[in-house]
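Data block below; observations after.
Reminder, nothing fancy here: chain letters follow the sequence lines and each chain counts from 1.
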Amino acid sequence: MLLLSTIREERDRLLEGLAKRNFNNAEATLDKVVALDDERKSTQTQLDQLLSEQKSLSNEIGNLFKSGKAEEANAMKVKVTNLKEESNVLEERFKAVKAELETELLGLPNLAHTSVPHGSTEEDNEVFKELTGTIPELGADTMPHWELSGKYGIFDLKLGVKLTGAGFPVFKGQGARLQRALISFFLDQASAAGYTEYVPPLMVNEDSARGTGQLPDKEGQMYYVTEDDLYLIPTAEVPITNVYRNEILKTEDFPIKMCGYTPCFRREAGSYGADVKGLNRVHQFDKVEIVQVVHPDNSYDTLTEMCNHVEGLLQKLELPYRILRLCAGDLGFASALTFDFEVYSAAQKRWLEVSSVSNFETFQTNRLKLRYRNEEGKTTLAHTLNGSALALPRIIAALLENNQTSDGITIPDVLRKYTGFDIIK
RNA sequence: GGAGGAGUGGCAGAGCGGUUGAAUGCACUGGUCUUGAAAACCAGCAUACUUUACGGUAUCGGGGGUUCGAAUCCCUCCUCCUCCGCCA
């Protein structure tokens with residue numbers, strides 16, 4: 001959620017940013033927000049005035065009763081009752097204005113960082129770092145991962161359909177081991193980089209979902225348990241970032257570095273073709289997430305640090321990758337700047353997104369009420385960042401496809417101590 | 001799932017209808033004292049909104065109600081504790 005102070009004081013910059021994001025009616029929306037905020041303030045001032053009068057009169061009534069002047073007290077009661085009627089009307093108006101203001105604010109996306117390129121679709125994303133690593137030369141009998149899975153019995157989509165439905169792959173045998181190996185590897189790497197490991201709940205309440213911006217923006221993306229009003233997490237970002245919801249930190253608490261492995265659940269309606277084939281897009285997948293809560297002065301350095309961490313993982317896995325800087329049109333609602341990491345699948349001959357690293361600045365912390373006490377003792381919003389490190393299915397797809405040989409699928413060196421085997425046969 | 005008890009400031013813990021945003025203790029911050037430290041003493045110490053400012057308003061688990069007036073009474077939801085049941 002954007003800050004009202006930003007909307008009031010940096011209107012031009014904001015209009016520019018909203019235009020970049022192709023946001024319609026930006027000017028009218030900002031005008032409306034400011035007008036609502038003005039009304040909220042003036043309503044509150046009037047309301048407070050009335051409440052204050054009521055309060056002091058009520059105290060007088062108490063004193064009158066004590067000194068035995070019941071008649072005067074009763075006369076005063078009528079006065080207060082009248083005041084109360086007046087204030088009730090104002091209070092209703094106050095609540096309505098506040099709610100409307102909130103709705104408008106929730107509809108505004110984060111202001112994109114100045115380095116975010118213009119553009120409306122993923123075609124306009126900037127290649128921040130060109131292909132790094134080598135694309136393997138594969139033979140004529142190269143298979144995509146969904147065919148390899150059948151050949152080696154790594155995972156089974158049909159079985160998933162039988163057990164649950166489309167988009168719920170079942171990993172088995174060496175495939176299941178590979179999955180577990182990757183999780184351990186990613187977590188060990190995160191721990192070594194100073195992240196504290198969490199095992200969070202896989203369902204969250206409404207407050208948590210709102211805190212990180214899943215609600216109300218992406219309600220349809222989440223599985224929802226109606227009986228208990230809980231949401232299945234679409235990413236570990238949600239529970240982990242909410243650890244510090246409603247907290248006031250000290251500057252010496254920074255940086256807070258957290259990581260966690262969780263399954264992720266996404267309803268992901270509306271895609272087709274190669275995008276959703278095999279493991280390319282599924283409803284349940286595993287991911288290790290890294291999250292940081294930092295001082296606003298350091299958040300862009302932290303973004304770089306987190307990108308370096310993700311890059312290191314891809315290098316250790318010996319996967320060819322590139323880094324994109326997302327354009328304004330492709331940038332997530334809550335993000336100020338996002339780098340996407342893509343690995344190249346030699347068999348599918350396409351790039352697969354395996355990580356997204358973002359700085360949200362104060363967009364999430366404003367909703368989360370996640371603050372710190374600054375040098376002057378004032379409470380100030382912290383910055384949050386997160387990144388996938390990494391999401392498993394497409395890593396597995398790329399590993400299977402790029403490492404296929406006539407003898408089987410070779411496992412990268414770094415994973416061998418985790419898998420316990422060096423080739424999938 | 002059933003029965004009972006409880007939720008107050010960073011923590012502990014009073015208050016149980018009337019200037020109570022809330023006693024007291026601990027913790028914390030600043031000061032005096034001291035060569036330094038400790039002790040002692042003095043002062044400060046919730047959050048948010050609002051006001052140019054003085055100040056004002058709201059918040060005692062959440063929401064609603066009764067009353068001129070609620071931390072205190074009523075309803076409801078949530079959470080925790082104890083006992084019973086069930087269970088990996």
Between [N] and [M], how far apart are the two [atom1] atoms, rounded to whole Å?
N	M	atom1	value
B:G61	B:U72	P	8 Å
B:U29	B:G15	P	31 Å
B:G44	B:U50	P	28 Å
B:C78	B:G63	P	15 Å
B:A23	B:C77	C1'	31 Å
B:G13	B:G25	C1'	8 Å
B:C11	B:C28	C1'	11 Å
B:C74	B:C84	C1'	30 Å

Would you please confirm or rule out a distance under 4.0 Å between OP1 or OP2 of [N] and any side-chain N or O of [X]?
X	N	value
A:K55	B:G56	no
A:S52	B:U57	yes
A:R373	B:U47	yes
A:R371	B:U47	no
A:T45	B:U57	no

Pair partner, [N] [Watson-Crick or wobble, under 3.5 Å]:
N	value
B:U67	none
B:U57	B:A48
B:C33	none
B:G21	none
B:G7	B:C78
B:C86	none

[X] [atom1] to [N] [atom2], straight-line distance once rounded to whole Å:
X	N	atom1	atom2	result
A:L249	B:U47	CG	P	13 Å
A:K369	B:A46	NZ	C1'	16 Å
A:L64	B:U19	CG	C1'	14 Å
A:E252	B:C28	CD	P	14 Å
A:N82	B:U67	CG	P	15 Å
A:E85	B:C68	CD	P	12 Å
A:K41	B:G56	NZ	C1'	16 Å
A:L57	B:U57	CG	P	12 Å

Problem set entry | Out of B:U19, B:U50, B:C68, whichever nucleotide has its closest atom nearest the side chain of A:N59 |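 Nucleotide nearest to A:N59's side chain: B:U19.
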Exercise. Given B:C68, B:U57, B:C49, which nucleotide is nearest the side-chain atoms of A:R40?
Worked result: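 In terms of side-chain proximity for A:R40, the closest of B:C68, B:U57, B:C49 is B:C49.
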With a non-hydrogen cut-off below 4.0 angstrom, is [X] in contact with a base, only sugar-phosphate, or nothing?
X	result
A:I248	sugar-phosphate
A:K95	sugar-phosphate
A:K84	base

For this session: Return the minimal non-hydrogen interatomic distance between A:L381 and A:T362, and the atom names on each side.
Result: CB-CG2, 3.8 Å
For this session: Kindly check if the number of other-residue, nucleotide or ligand heavy atoms within 6.0 Å of CD (A:E227) is above 12?
Result: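 No, because the 6.0 Å sphere around CD of A:E227 holds 12 heavy atoms or fewer from other groups.
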For this session: Look at atom CD of A:E16 and say whether more than 12 heavy atoms of other residues, nucleotides or ligands are closer to it than 6.0 Å.
Result: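 Result for CD/A:E16: open.
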Problem set entry | Along RNA chain B (nearest heavy atom to each residue), the more 5'-positioned of A:K77 and A:L51 |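 That would be A:L51.
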For this session: Could you pick out which residue, A:S56 or A:G62, lies toward the 5' side of RNA chain B when each is mapped onto its nearest nucleotide?
Result: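 On the 5' side of the pair lies A:G62.
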Exercise. In this structure, which one of A:N386, A:T241, A:V291 forms a side-chain contact (heavy atoms from CB on, under 4.5 Å) with A:M258?
Worked result: A:V291
Exercise. Do you know which of A:L90, A:D38, A:D48 makes side-chain contact (heavy atoms from CB on, under 4.5 Å) with A:T43?
Worked result: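 Of the listed residues A:L90, A:D38, A:D48, the side-chain contact (heavy atoms from CB on, under 4.5 Å) partner of A:T43 is A:L90.
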Problem set entry | Interatomic distance, A:L331 atom CG to A:R325 atom CZ [nearest 0.5 angstrom] | 11.5 Å
Exercise. Does any donor atom in the side chain of A:S335 or A:N110 lie under 3.5 Å from an acceptor atom in the other side chain?
Worked result: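 No.
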Problem set entry | Test item: A:H283 side-chain N/O and A:R267 main-chain N/O as donor-acceptor pair under 3.5 Å |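 Yes, A:H283 side chain to A:R267 backbone: donor-acceptor pair under 3.5 Å.
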